[in-house]
Amino acid sequence: MQRQYRLRRREDFARLRKQGRVWRHRVLVVSVIPNGLAHNRYGFITSKHLGKAVVRNRMRRRLREVVRRLHPLLKPGYDLAFIARQPLVDLSFPALYDVVWSLLQQANLIQPASPGDLQS
RNA sequence: CAAGUUGACCGGGUGAUCGCGUGUUAUCGCGGGCUAUGGCUCCGAUAAUGCGAGGAAAGUCCGCGCUCCAGAGGGCACGGUGCUGGCUAACAGCCAGACGGGGCGACUCGGUGGAAUAGUGCAACAGAGAGGCGUAUUGCCCCGGUCCAGAUGGACCAGGGUGAGGGUGAAACGGUGCGGUAAGAGCGCACCGGCGCAGGUGGUGACACCGGCGGCCAGGCAAACCCCACCGGGAGCAAGACCAAGCAGGAACGAGGGGCGGCCCGUCCCAUUAAGUUCCGGGUAGGUUGCUAGAGGCGGCGCGUAAGUGUCGUUCCAGAUAGAUGAUCACCGCCUGCCGGGAUUUCGGUUCCGACAGGUACAGAACGCGGCUUACAGGUUGGCUUGAGUC
RNA sequence: GUGGCUGUGGUGCAGUGGUUAGCAUGCCUGACUGUGGAUCAGGAGGUCGAGGGUUCAAAUCCGUCCAGCCACC
């Protein structure tokens with residue numbers, strides 16, 4: 001995930017938290033807001049009560065990997081924040097992939113002309 | 001071979017497909033800044049290439065470097081350390097030793113200054129008595145009286161002596177023997193143990209050993225107050241420096257205010273031409289730097305019992321900032337259990353091969369370093385001790 | 001990064017060296033009542049966060065570790 005596609009500023013996160021549209025799942029929450037740019041930007045939030053530093057780092061890396069793979073299939077021009085919840089700690093990588101895919105479908109962020117579902 | 005003890009070290013590997021951060025070089029950008037129009041610099045992209053978590057990176061329990069507080073001085077308070085000698089930048093660390101406890105032993109554990117020579121305090125319950133020369137319950141002994149028996153004895157009462165026996169307690173003021181006595185007692189003597197005094201020998205020292213003298217009454221708790229010796233100024237990389245952006249001031253009090261933050265002294269700065277304080281209101285939440293070449297790693301040699309240290313050679317080894325150092329898959333390795341087969345056997349086991357199942361830890365740099373402490377699947381290896389057997 | 005607080009029956013708290021760790025509430029049993037509540041009587045329930053050390057003796061004193069919470073920049 002290159003630096004230009006990451007959310008890096010405090011005000012961006014504050015804007016997402018105040019005005020973002022939210023889709024929830026048992027293990028993950030996604031907050032979305034248009035950013036007026038030609039590309040998407042992503043942020044990953046793993047709070048301290050999820051576990052120690054090793055656990056938080058691992059979850060953030062796996063989430064980032066899933067989103068990196070889905071990135072070419074998404075509609076551009078949005079900021080997205082992914083907030084991990086406690087059950088995510090024990091989730092396998094394919095299951096995590098399915099969760100992210102279904103959440104982004106709910107949010108209607110998958111490009112209609114996309115080459116297709118990678119799961120198929 | 002078994003049991004134990006003590007150090008040193010490692011802590012997954014290979015491949016495939018996608019990725020991330022950073023250094024260097026090159027090229028590019030209707031990109032930004034400066035310009036003497038040669039260029040320089042910043043940012044971004046692409047390519048090549050180098051590097052990219054730990055033994056604890058953890059907990060934050062200590063110590064130091066570094067930075068700022070004008071210079072950083074004295075006293076008190078407060079806090080810390082506490083056997084000796086050494087090492088170190090420093091330490092509550094390490095090394096070597098002393099003393100005391102544990103273990104057959106290798107070895108190991110210890111916050112280990114001061115308790116008659118400063119003083120104060122504490123010790124429940126039990127017990128006669130618990131901290132000063134204090135006590136008399138039972139016991140032992142003596143004297144006197146009464147009664148019984150008449151044998152020199154026994155019972156009771158009053159007085160006195162005693163701290164040896166029993167008993168209480170965590171702790172009761174040395175132990176053994178002889179003398180002594182009405183019974184006893186360091187009351188006296190000998191030896192042993194402890195304490196003190198002065199001395200000798202060895203050791204840098206803690207201390208050890210030796211003989212002498214003294215009187216046997218001075219016990220425990222300072223992780224109780226305290227005393228003694230030594231050490232400590234405060235804050236922390238969100239320290240500090242630079243750049244950019246942005247805003248709006250008003251009211252009241254006011255002769256003092258502030259710098260070292262607990263206090264005082266000393267000293268300096270700013271004020272009385274309005275410094276400062278409080279309240280209301282307004283603005284900012286960005287970037288660069290500090291930032292990694294260091295008490296650095298590895299190896300040789302010299303010195304030292306060692307911790308270490310000197311010198312020579314060699315090497316460059318993470319610098320993120322919503323926070324990189326990875327994700328997925330495959331195969332292998334390692335460990336445990338069970339099953340099958342082979343070898344060996346002192347019939348307890350040991351070992352090799354194969355299959356299946358499960359497991360593969362603790363844990364993520366955030367200025368750096370030295371320690372300590374705690375967590376940790378499993379593995380490699382050196383020394384030493386004790387016991388058994390064989391030659 | 002720095003400083004501080006708390007941990008004791010199910011719950012909320014006291015106890016800060018000394019006999020068997022208390023109090024309130026809750027819980028159980030019985031009495032009272034037609035029944036319940038209230039009331040009365042009796043009772044159970046504690047590794048004092050964990051593990052070391054000092055002491056004759058530790059919930060209490062001193063280190064280490066664990067968990068939770070707060071404050072400041």
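Per chain, numbering begins at 1; letters A, B, ... match sequence-line order.
- Here A/Arg61 does not reach the OP1 or OP2 of B/G21: none of its side-chain N or O atoms lies under 4.0 Å away.
- Under the stacking definition used here (centres under 5.5 Å, planes under 30°), the residue A/Phe13 qualifies as stacked on the base of B/A322.
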Summary of protein contacts for nucleotides 68-73 of chain C, nucleotide by nucleotide, where a base hit scores B, a sugar-phosphate-only hit scores S (4.0 Å, heavy atoms)
------
So what is the 5' to 3' dot-bracket string for RNA chain C, if pairs are Watson-Crick or G-U wobble with both distances under 3.5 Å, crossing pairs use [ ] and | means the partner sits on another strand?
(((((((..((((....[...)))).(((((.......))))).....((.((..]....)).))))))))).
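- Nucleotide B/A53 carries a syn base; the chi torsion (O4'-C1'-N9-C4 or O4'-C1'-N1-C2) is within 90° of 0.
- In the set B/A327, B/G21, B/A365, B/A365 carries the atom at the smallest distance from any side-chain atom of A/Ala53.
- Side-chain proximity of A/Arg9 to the nucleotides B/G323, B/G286, B/G364 is greatest for B/G286.
- The glycosidic torsion of B/G38 lies within 90° of 0, which places this base in the syn conformation.
- Summarising the base pairing, B/G304 is matched to no nucleotide, lacking a Watson-Crick or G-U wobble pair whose two defining distances lie under 3.5 Å.
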Solution key, residues 24-34 of chain A side-chain donor-acceptor pairs under 3.5 Å, sequence neighbours excluded:
| residue | atom | partner | partner atom | Å |
| --- | --- | --- | --- | --- |
| A/His25 | ND1 | A/Val27 | N | 3.2 |
| A/Ser31 | OG | A/Leu16 | O | 3.3 |

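- Side-chain N/O atoms of A/Arg6 include one lying less than 4.0 angstrom from OP1 or OP2 on B/G323.
- Residue pairs meeting the side-chain hydrogen bond (donor to acceptor under 3.5 Å, both in side chains) criterion with at least one partner in residues 82-95 of chain A, sequence neighbours excluded, do not occur; the list is empty.
- When all heavy atoms are compared, the tightest approach of A/Phe93 to A/Arg62 is N-NH2, 3.4 Å.
- Separating the CG atom in A/Leu50 from the CG atom in A/Leu88 is a distance of 7.5 Å, to the nearest 0.5 Å.
- Looking at the side chain of A/Arg3, the nearest of the listed nucleotides B/A320, B/A327, B/A322 is B/A320.
- The side chain of A/Arg62 contributes an N or O atom lying less than 4.0 Å from OP1 or OP2 of B/U328.
- Using a 4.0 Å cut-off, no side-chain N or O of A/Arg58 falls inside it from OP1 or OP2 of B/A327.
- Here A/Arg68 pairs with A/Glu65 in a salt bridge; the nearest charged N to carboxylate O distance falls below 4.0 Å.
- Across all strands shown, the partner of B/C1 is B/G387, judged by Watson-Crick or G-U wobble contacts whose two distances both fall under 3.5 Å.
- Among the atoms of the strands shown, none is found under 4.0 Å from any heavy atom of A/Arg56.
- Listed candidates were B/A324, B/G364, B/A327. Nearest to the side chain of A/Val54 is B/G364.
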Using atom names, set out every protein N or O paired with an N or O of nucleotides 15-19 of chain B below 3.5 Å, distance rounded to 0.1 Å.
| residue | atom | partner | partner atom | Å |
| --- | --- | --- | --- | --- |
| B/C18 | O2' | A/Arg68 | NH1 | 3.1 |
| B/C18 | O2' | A/Arg68 | NH2 | 2.7 |

Give the table of side-chain donor-acceptor pairs shorter than 3.5 Å for residues 71-81 of chain A, with sequence neighbours excluded, one pair per line with atom names and distance.
| residue | atom | partner | partner atom | Å |
| --- | --- | --- | --- | --- |
| A/His71 | ND1 | A/Tyr42 | OH | 2.6 |
| A/Lys75 | NZ | A/Asn108 | O | 3.2 |
| A/Asp79 | OD1 | A/Asn35 | ND2 | 2.9 |
| A/Asp79 | OD1 | A/Arg41 | NE | 3.1 |
| A/Asp79 | OD2 | A/Arg15 | NH2 | 3.1 |
| A/Asp79 | OD2 | A/Arg41 | NH2 | 3.0 |

